[in-house]
Every structure is written in C-alpha cells, then in structure tokens.
Amino acid sequence: MYEKELFNMWADNYDNDVKLYEESSSYPFAGYKSNLNRIFNLVMKKKYSRVLDIGFGTAVLTSKLYENNHDITGIDFSERMLEIGQKKMPSASLYLSDFRKGITNKIKSRFDFVLLTYSIHHLSFTEKVKLLRELKNYLNEDGLIIIGDVLFETSSDLSKSKEKHSRIWDDEEFYIVIEELTEEISNDYQVSYHIETHCSGVVILRRLAQT
Ligand SMILES: C[S@@+](CC[C@H](N)C(=O)[O-])C[C@H]1O[C@@H](n2cnc3c(N)ncnc32)[C@H](O)[C@@H]1O
C-alpha cells in the first residue's frame with residue numbers, strides 16, 4: 001500500500017492514537033503536546049506571521065495559529081488530511097503535494113516560519129538535507145524553520161532508544177540525530193534545539209546571512 005494511503009486511513013483516528021502514546025509518555029509520541037505547545041508559543045511571539053506547515057496532518061498545531069489570525073499555507077499528500085485541515089482552516093492555502101519531491105511550484109511566497117512536526121522523519125537523511133536546503137528559498141530574512149519530532153541528541157541516544165523500544169520501533173522512519181544534522185547543515189543554518197523527552201524535541205534553524 002502507498003504511504004499516503006496509510007495516512008488517508010489513519011487520518012480520522014490520528015488525534016486519538018497520538019493522545020494515547022502522549023499520555024503514557026511512550027515512544028513515538030511522548031512529548032507531542034509539549035513539542036507543539038513550544039512551537040505554538042514561539043510563533044505566537046509575532047502577532048501575525050506567514051506560516052508554511054509541511055505535512056500538516058490534522059492541523060493540530062496550525063489550526064491554533066489560524067485561530068490566532070496567522071496566515072497558513074500547508075502541504076500534505078493525504079487527501080483525507082487535507083479535508084480535515086481545510087475544514088478547520090477554511091481560508092488556509094492547503095496543497096496536495098509530496099514533499100519528498102520538494103516544495104510544489106504552486107507556492108511562490110516566503111514565510112516567517114516553516115514548520116515540520118512529525119513529518120520530516122519520513123525522509124531519509126539525504127532527502128531531509130536536500131529539503132532543508134531548498135527551504136532556504138522560502139524563508140523571509142529572519143525566518144525560521146522549526147522541527148518538532150521524534151529526535152535524539154546523539155546517535156548513541158538513538159541506539160539506546162531503539163534497543164529499549166525494539167518491539168515497536170518503526171524502521172521506516174528516520175529520526176533526526178542533532179549532532180549529525182548540525183554537522184551537515186552548519187554552513188546553511190545556525191542550529192539550536194531543545195530536548196523535550198526521552199525521544200522528542202524541537203530543532204530551530206536560522207538561515208545564515210551569507211547563504
Ligand atoms: C505523523 S503525521 C504528522 C501530522 C502533523 N504535522 C502533526 O504534528 O500531528 C505526518 C503527516 O505528513 C504527511 N506526509 C508524510 N509523508 C509525506 C510526503 N512525502 N509528502 C507530503 N505529506 C507527507 C502525512 O500525510 C501526515 O499528514
């Protein structure tokens with residue numbers, strides 16, 4: 001089955017499933033709510049902003065920003081997620097598109113925030129780096145990319161978590177290891193981060209002036 005069909009099937013139960021993992025602080029969604037809250041609070045430091053949400057899903061995060069009058073553009077390849085997102089955010093510009101192929105050319109603007117919550121782990125390391133470099137072209141001068149996801153500070157932290165959760169570990173997801181990502185993109189972005197739980201956190205990328 002195509003990956004996007006899996007998300008179409010999951011869409012109506014997604015919020016509930018995430019809540020169960022989140023409440024028991026279990027991999028993979030331990031810290032989901034605090035991650036999203038942290039990102040919400042960062043964006044809300046601006047009274048108004050243009051936000052691009054990549055893999056917006058059921059729009060848990062962006063619908064709150066939408067309600068607070070931020071301008072929302074989003075990409076997701078699941079038709080059902082798009083229906084749910086558009087219902088919550090009628091005037092948002094939501095596009096059905098596969099971000100593995102880059103950013104759809106229907107999006108021409110630049111953004112104050114590009115958000116990727118629990119979506120970039122669907123890309124391999126090389127694909128992630130390629131997408132993050134492409135996203136430089138979609139950021140305003142002081143724009144930020146903010147990633148909230150399952151992630152680890154070091155590869156050893158990831159290995160320990162993988163061992164601990166070996167029965168339920170998803171080998172088709174590729175989680176960020178901050179030290180590896182930082183090494184690869186340090187010529188493009190200044191990287192800062194916050195570790196939220198044993199398997200989650202937030203990474204903030206600020207484009208370096210000369211790039
Ligand atoms: C785990 S959900 C996360 C949803 C939301 N951002 C959140 O924080 O709850 C991943 C989302 O990314 C979308 N997605 C995964 N791979 C994608 C791809 N290659 N192109 C576009 N959307 C993708 C899925 O359809 C799904 O809505």
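Atoms within each ligand, like the ligands themselves, are counted from 1 in listed order. Model, not experiment: these values are computed from the prediction.
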Start with the C-alpha distance between Asp188 and Arg207, add both sets of side-chain angles, then the distance that settles salt bridge (charged side-chain N to carboxylate O under 4.0 Å, His left out), and finish with yes or no.
-> CA-CA 6 Å; Asp188 305 280; Arg207 198 179 58 187; over 6 Å; no
What pairs with Asp170 under side-chain hydrogen bond (donor to acceptor under 3.5 Å, both in side chains), at least two apart in sequence or on another chain?
-> none
For Glu67, look at atom CD and say whether over 12 heavy atoms of other residues, nucleotides or ligands are found less than 6.0 Å away.
-> yes
Ordered by chain then number, the protein residues lying under 4.0 Å from ligand 1 by heavy atom are Phe7, Tyr14, Tyr32, Gly55, Phe56, Gly57, Asp76, Phe77, Ser78, Met81, Ser97, Asp98, Phe99, Arg100, Thr117, Tyr118, Ser119, His122
Pairing of Lys4 and Glu79 as salt bridge, 4.0 angstrom limit | yes
Does anything in residues 127-170 pair up under ring-ring contact (aromatic ring centres under 6.0 Å, His included), and if so which pairs, sequence neighbours excluded?
-> Tyr27-His165, Tyr27-Trp169, His165-His198, Trp169-Tyr175
What pairs with Lys19 under salt bridge (Lys or Arg N to Asp or Glu O under 4.0 Å), at least two apart in sequence or on another chain?
-> Glu23
